[in-house]
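Before any comments, here is the structure.
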Number of protein chains: 2
Amino acid sequence: MMRKMSSYPIGFTAHDHAQCVKSALAAAQAVCANRGVQLTPVRLRTLEILLEEHAAMGAYDVLARLNAEGLGSKPPVAYRALGFLVDQGFVHRIEQLNAFIACAHPEDAHSPAFMICRSCGTVAEAKAQSGKFAQSAAQTGFQIEQTVIEAEGLCPSCQPQVQS
Amino acid sequence: MMRKMSSYPIGFTAHDHAQCVKSALAAAQAVCANRGVQLTPVRLRTLEILLEEHAAMGAYDVLARLNAEGLGSKPPVAYRALGFLVDQGFVHRIEQLNAFIACAHPEDAHSPAFMICRSCGTVAEAKAQSGKFAQSAAQTGFQIEQTVIEAEGLCPSCQPQVQS
DNA sequence: CGCATCATGTTATGTTATAACACACAACGT
DNA sequence: ACGTTGTGTGTTATAACATAACATGATGCG
Ligand SMILES: [Zn+2]
Ligand SMILES: [Zn+2]
Ligand SMILES: [Zn+2]
Ligand SMILES: [Zn+2]
């Protein structure tokens, strides 16, 4: 995971970062309380790291941060925390990058879709709308449980500028 | 990749397998000639293996087969051949499985969409139709170059039967 | 021939992910 | 208090996936 994993935009637009981290954490706390699952220190801190970074991070990148803070140094620690957060829907896994990113729309359940800039590494999350694919799957009798939708390309700021 | 990677259906329906392998190989030969690229023995055999298997295979599974036939024993051999075939569009990579599968629609260029049965491991390929996601991406100014669409779920034969 | 291009062979290593077992601790019924 | 169960953590070890880098051979061309 030697990418420049340190961007900021949610989507491709700026925003109040401190606020967005804080509210996402609060939301997660509430949801966990509701569901009767534990948002333990490692899990909480893992989520916080992903929210602060606001970019796709490899499991071992997360682990390095946890380790620096004395919260665990072995792969299973990171993978367990990430697995929990993914199960709860606070974090999504990005298959193309073997990486994880905090959910940008934690307010409601959804299946995510991502746009991944191959130049700057920025990842934007959209909610996936059910489309033709779901219909054709239903037609063939396939029962969809989970979908992965990831587009790779160039974000607005990384596209070659046209001459005026 | 310790799945039971030895299925048959293209999509979820039976078909004349020998014929489908033969025609796909012929098509690939023709395309390569057209493009002035070489379908070398390793590449050809790799494609043939994937076509025969007609299922998602890990790179090391393919490598094992190549090795058994004296066509190469080291990972780069398999990854290069697979890389070539993916570049040419004869094979697709399935991100969720870290696996490869021969294209089921080699006649024309397309971006694929997959349905992956979590019970039997069968993978069906559909052509991805451009949908709402592409539109919303265009709206935000993101320039899509490649898309990954993979659905996980239960294929028709693996769904629990309803009582009559 | 000298040189560039493409493909292959090989070594070594890097990166991602999980199995399996040991331990701590809280909740619960007896 | 005691054993039991469930859940989370700590740790070892290893599995599974992937590529960098360099050497060798074959082909085509000026
Ligand atoms: Zn989300
Ligand atoms: Zn960009
Ligand atoms: Zn295809
Ligand atoms: Zn099935």
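Small disclaimer: the values here were computed from a predicted structure and weren't measured. Every chain is numbered from 1 and lettered A, B, ... according to where its sequence line falls, protein lines coming before strand lines.
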Could you run through nucleotides 18-26 of chain C and give me one letter per nucleotide, 5' to 3': B if any protein heavy atom sits under 4.0 Å from the base, S if only the sugar-phosphate is that close, - if neither? BBB------
Treating primed atoms plus P, OP1 and OP2 as sugar-phosphate and everything else as base, which nucleotides of nucleotides 25-30 of chain D get B, S or - for protein heavy atoms under 4.0 Å? ------
Any carboxylate oxygen within less than 4.0 angstrom of a Lys/Arg side-chain nitrogen, looking at B:R45 and B:E52?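 Salt bridge present between B:R45 and B:E52.
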How close or far is atom [atom2] of [N] from atom [atom1] of [X], stated in whole angstroms?
{"X": "B:L44", "N": "C:dA7", "atom1": "CG", "atom2": "C1'", "answer": "15 Å"}
{"X": "B:F100", "N": "D:dA16", "atom1": "CZ", "atom2": "C1'", "answer": "13 Å"}
{"X": "A:L66", "N": "D:dT9", "atom1": "CG", "atom2": "C1'", "answer": "13 Å"}
{"X": "A:D87", "N": "D:dT7", "atom1": "CG", "atom2": "C1'", "answer": "14 Å"}
{"X": "A:E69", "N": "D:dT9", "atom1": "CD", "atom2": "P", "answer": "15 Å"}
{"X": "B:I94", "N": "D:dC17", "atom1": "CD1", "atom2": "C1'", "answer": "16 Å"}
{"X": "B:Q96", "N": "C:dA17", "atom1": "CD", "atom2": "P", "answer": "13 Å"}
{"X": "A:R43", "N": "D:dG10", "atom1": "CZ", "atom2": "P", "answer": "12 Å"}

What nucleotide among C:dT10, D:dC17, C:dA7 has an atom nearest to a side-chain atom of B:N98?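 So the side chain of B:N98 is nearest to D:dC17.
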Does A:V77 share a hydrophobic cluster with A:V91, counting links as ILVMFWY side-chain heavy atoms below 4.5 Å and allowing steps through other members?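 A:V77 clusters together with A:V91.
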Distance check: side-chain N/O of A:Q38 vs OP1/OP2 of D:dT7, anything under 4.0 Å?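 For D:dT7, OP1/OP2 do not have a side-chain N/O of A:Q38 under 4.0 Å.
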Side-chain N or O of B:S73 less than 4.0 angstrom from OP1 or OP2 on C:dG9?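 So the side chain of B:S73 is outside the cut-off, no N or O lying under 4.0 Å from OP1 or OP2 of C:dG9.
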Min side-chain heavy-atom separation [X]-[Y] under 4.5 Å:
{"X": "A:E125", "Y": "A:C103", "result": "yes"}
{"X": "B:I149", "Y": "B:S111", "result": "no"}
{"X": "B:C20", "Y": "B:H54", "result": "yes"}

For the atom pair CG (B:L71) and CD1 (B:I49), what is the distance rounded to the nearest 0.5 Å?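 Between atom CG of B:L71 and atom CD1 of B:I49 there are 7.5 Å.
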Rounded at 0.5 Å granularity, tell me how far CD1 in A:I116 sits from CG in A:L154.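 Atom-to-atom, A:I116:CD1 and A:L154:CG are 12.5 Å apart.
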Is there a side-chain contact (heavy atoms from CB on, under 4.5 Å) between A:V62 and A:L50? Walk through the geometry before answering. CA-CA 8 Å; A:V62 173; A:L50 284 169; 4.2 Å; yes
Show every ring-ring contact (aromatic ring centres under 6.0 Å, His included) that has at least one partner inside residues 66-100 of chain B, sequence neighbours left out.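 For residues 66-100 of chain B: B:H92-B:H110, B:H92-B:F114.
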